[in-house]
Amino acid sequence: MSKSARVLYWFRTDLRLHDSPALQAALDLKPAALFPVWCWDPNYVYKHRVGINRFRFLLESMTDLSSNITSTQSKSQLLVVRGEPTELLPELWKRWNITHLVIEKDPSAYGRRRDRLILEAAKKSKVEVVAVQGHHLFDPEEVTKRNKGKPTMAMSTLQKIVADMGAVPKPIDAPKDLPLPKLKDSKAKNLKDTLKELAKSLDGLPHYTGKGREGPASVDLNSTELGGQRDKKVTCYDTVTGEASDLFSVPTLESLGMDRSKIRETIKGGETLALERLAKICKDAEYIATFAKPKTSPGQSAEDPSTTLMSPYLKFGCLSVRKFWWDAEEAKKKYKGGSATGPPENLNGQLLFRDMYACAEHAIGDAFQVIRGNSACRYIDWYCPTAYDKDGQVILPRPPGDAVSEARLSAYKLGQTGFPWIDALMRQLRLEGWMHHLGRHSVAAFLTRGQCWISWERGAEIFDEYLIDWDPCSNPGNWMWLSCSAFFTQYFRLYGLITFGQKYDKTGALIRKYCPELKNFPDKYIYDPFNAPKDVQQKAGCIIGKDYPFPMLDEKETKSENMQRMKICYQANLHGADKEVMNGTAEAM
Ligand code: FAD
């Protein structure tokens, strides 16, 4: 490639420099200039209720990326711009004489839709697009093709397909240098002047860096509370001073109008921390080699997790999943103990689950997020009518109506269900943006087929708002799994609201941490304080029904009714994409 290549490298799912095959592809073009861009995408904000913790983690990751770019020989910088990418990018490549747009492939349905438009625009502008897979172990597009367009609904299906796709590619090093983002006729002697020139070249584009205030590119980034100011146009860069160095810089949480006091900043973002964390974990060869997910404890918090806590870093691409895979493989080789664990319960298995959901989502598309039209999703009637026997006797009452369900959903979200195990987990999620996998199992089964009989879509929405690691494939995929709507069918297997947590931690440390009003209860009652005699409650300084709620439902009764409902739905054997089902739903509602 000639020296005249001028590359716009668009960071999206890959906030890192190490093992980035897309970035390497950009450098292979031997560009004369490389523009490392992050473009705020209003759709990301409008479509999803992004909570403060996810935004914080993202900003920290962007800041770290920018600093890592600045640490390369040329001392370049991440260029943060904002606006609808389909409108803004064509302007950028026109004004910066871009010849190539290079991206890591975003295989999600939304990402593909957006990128199709970008590709069309690039074609019109004669900008060549290079898109390289790097977000998963295997390319979901290729896996789906090999699976004849069908979703991968089981780990064994995925394993069979990828067995013919060769080994996971080995990771590559971070580049030592990135060409500066210079204009074609640049006179700049340093980065500061370069940024000034770039800013000047964008004159007339009012919202590109946040200098402007209103307009179509303004987004409400303060949409963290449900029903917030979603349609109000607010600026997201109030602190911009007009200095060139500020113009393309990463905004602060405060400048986005977000209140840090509402969250606990337990998990910090960025490639640097991700790599440090991975190195620390992989030093413990025994931990890696004997990792067995079902044996890890959901009772441990993010400060001392029993699992790797890598999901937020993988979500934003701060950590390459291929590096995770290979570093774990290397660590395993050093293990001199007994037999190592295998997939699906070992670490490789966990990473393969991530791929499995990505490939399933790739095949289904947008409908993967919902029940309606989703061919992977079994139809479970979350609004089912009363069931009668042939003599007209009620055998199964109608599940609670909308008002009760909404009240339960709200209590669930706030961690006020009266079941300490569920409440501690939900408060952990709201406060810190993360929860152990088996904790997610507990709360997801509770909300759906276990006790509340509320659609998994509603639970997935709450996770979408609060999880740092929220992922458009893993989140709905796992919600379908836990509600036995897809992937998993053993609906008779449930998690006891008292016994499951106790199995891992009899002392209830997680409850004491996130439900401090219960912290003085003796171990015997920490999971079921509502069964504690009055004098025990008084001694603990917490009266159930006054200082902490009574359980909002009867665990056993709801479990037994819901089990019957599941049986009926399984016998009907309908799917979300079934047309009759859709009509039936409308009637039932
Ligand atoms: P580890 O056990 O250390 O696993 C290592 C990595 O493997 C994780 O970082 C993750 O990338 C991947 N992984 C592990 N288990 C799964 C799984 N079941 N599905 C997909 N990937 C997996 N994970 C997300 O990354 N984003 C989500 O939005 C998400 N939503 C979930 C919703 C529900 C209802 C449930 C039950 C699980 C969800 N998970 C999601 C999967 C899983 O809970 C998290 O990936 C895991 O808890 C992250 O912690 P860890 O990094 O310590 O995991």
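Counting convention: from 1, in listed order, for ligands and their atoms alike. Keep in mind that this is a model prediction, so the values were computed, not measured.
Remark: T558 OG1 to L553 CG distance equals 5.0 Å, nearest 0.5 Å. Distance CZ/R322 to CZ/F324: 15.0 Å, rounded to 0.5 Å.
For the residue pair D19 and S320, a side-chain donor N or O sits within less than 3.5 Å of a side-chain acceptor on the partner. With hydrogens and angles left out, the side-chain atoms of E271 and H18 include a donor and acceptor closer than 3.5 Å. Neither side chain, Q451 nor K559, offers a donor N or O lying under 3.5 Å from an acceptor on the other.
A cation-pi arrangement is present between R378 and Y570 under the rule of less than 6.0 angstrom and at most 45 degrees off the ring axis. R12 forms a cation-pi arrangement with W10, by the criterion of a distance under 6.0 Å to the ring centre and an angle within 45° of the ring axis.
Counting heavy atoms under 4.0 Å from ligand 1, residue V321 does not touch it at all. At a heavy-atom cutoff of 4.0 Å, ligand 1 is contacted by no atom of F487, backbone or side chain. Contact annotation for W481 and ligand 1: no heavy atom of the residue comes within less than 4.0 Å of the ligand. At a 4.0 Å heavy-atom cut-off, ligand 1 does not touch T296 at all. Contact annotation for L314 and ligand 1: only side-chain heavy atoms (C-beta onward) come within less than 4.0 Å of the ligand.
The distance criterion of under 3.5 Å between nitrogen or oxygen atoms is not met by W479 with respect to ligand 1. For ligand 1, the polar-atom distance check against F463 finds no nitrogen or oxygen pair separated by under 3.5 Å. By the 3.5 Å distance cut-off applied to N or O atoms, T307 is counted among the residues near ligand 1. Residue contacts with ligand 1: M310 is placed with a nitrogen or oxygen under 3.5 Å of a nitrogen or oxygen of the ligand (distance criterion only).
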Inset, instruction - Just do the side-chain hydrogen bond (donor to acceptor under 3.5 Å, both in side chains) check on N348 and K332 with the steps written out, would you? - result: CA-CA 11 Å; N348 301 41; K332 269 194 252 169; 3.0 Å; yes

Determine, step by step, whether Y9 and D14 satisfy the side-chain hydrogen bond (donor to acceptor under 3.5 Å, both in side chains) criterion, reporting the C-alpha distance in whole Å, the side-chain angles of both residues, the deciding distance to 0.1 Å, and the verdict.
CA-CA 11 Å; Y9 188 85; D14 52 337; 2.5 Å; yes

Legend entry - Audit row: E561, K556, salt bridge (charged side-chain N to carboxylate O under 4.0 Å, His left out) steps and yes/no: CA-CA 9 Å; E561 283 179 4; K556 289 208 174 79; over 6 Å; no

Check: Going through the checks in order, is the side chain to side chain contact (heavy atoms under 4.5 Å, CB included) test met by D505 and L510?
Finding: CA-CA 9 Å; D505 175 22; L510 201 82; 5.8 Å; no

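For atom 2 (O) of ligand 1, the nearest protein heavy atom (residue, atom name, distance) is K293 NZ, 2.9 Å. The protein atom (non-hydrogen) at minimum distance from atom 27 (C) of ligand 1 is D469 OD1, 3.4 Å. Nearest to atom 6 (C) of ligand 1 among the protein's heavy atoms is L351 CD2, 3.7 Å. Of the protein's heavy atoms, N475 OD1, 3.3 Å lies nearest to atom 30 (N) of ligand 1. Remark: minimum distance from atom 3 (O) of ligand 1 to any protein heavy atom is reached at T308 OG1, 2.5 Å. With hydrogens left out, the protein atom closest to atom 19 (N) of ligand 1 is N478 ND2, 3.1 Å, a heavy atom. Nearest non-hydrogen protein atom to atom 28 (O) of ligand 1 is D471 N, 3.0 Å. For atom 43 (O) of ligand 1, the closest non-hydrogen atom on the protein side is H437 ND1, 2.7 Å.
Partner Y466 forms a side-chain hydrogen bond (donor to acceptor under 3.5 Å, both in side chains) with one of R430, E461, R54 and no other, that one being R430.
Y313 does not count as a contact of ligand 1, since none of its heavy atoms falls under 4.0 Å from the ligand.
Scanning R440, Q350, H441 for the heavy atom closest to atom 22 (C) of ligand 1 points to Q350. The closest non-hydrogen atom to atom 10 (C) of ligand 1, taken over S483, S311, A460, comes from S311.
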